[in-house]
Amino acid sequence: MKVENYIVEASAEGAAEAEVRQLKNGLVKFKWRSSLPTTLDIPTPVGYRVEFDPEKLTGRMRATVAAGYRSRIGGIMSCKKS
């Protein structure tokens, strides 16, 4: 699956290819990696993981930044059908 948004487009690689897996609990898991520039313009690897519930249209996104100290960022997401 192709992942596109303004953060991924800022990476050196451009659009990312996500690994998609159906979990036993009904959630869908997306994983991808990209390199984003720091304020010093140094490419920094970032790993993303989304666990999405297709019935409730909600999920949780996590990002891990492997720069010096390992930093983890996360949030909750909700989607609308169009």
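Connection of Val28 to Leu57 is established within a shared hydrophobic cluster, with ILVMFWY side chains joined at heavy-atom distances below 4.5 Å, either directly or through further cluster members. Hydrophobic clustering (ILVMFWY, side-chain heavy atoms < 4.5 Å, transitive): Met77 and Val46 are in one cluster. Tracing side-chain contacts under 4.5 Å through hydrophobic residues (I, L, V, M, F, W, Y), one never reaches Leu23 starting from Phe30; they form parts of separate clusters.
The neighbour count for Glu55 CD, taken as heavy atoms of other residues, nucleotides or ligands under 6.0 Å away, does not exceed 12.
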Legend entry - Lys31 vs Val50, side chain to side chain contact (heavy atoms under 4.5 Å, CB included): CA-CA, chis, key distance, verdict: CA-CA 7 Å; Lys31 287 175 67 173; Val50 173; over 6 Å; no
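Going from atom CG of Leu27 over to atom CG of Asp53 covers 5.5 Å, rounded to the nearest 0.5 Å.
Closest heavy-atom contact between Arg33 and Gly47: NH1-CA, 3.7 Å. Heavy-atom minimum distance, Pro43 versus Ser35: CB-CB, 4.2 Å.
Side-chain atoms of Ser34 never come within 3.5 Å of backbone atoms of Trp32 as a donor-acceptor pair (strictly under, hydrogens ignored).
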Under 3.5 Å, which donor-acceptor pairs do the side chains of residues 59-66 form with other protein atoms, sequence neighbours left out?
none

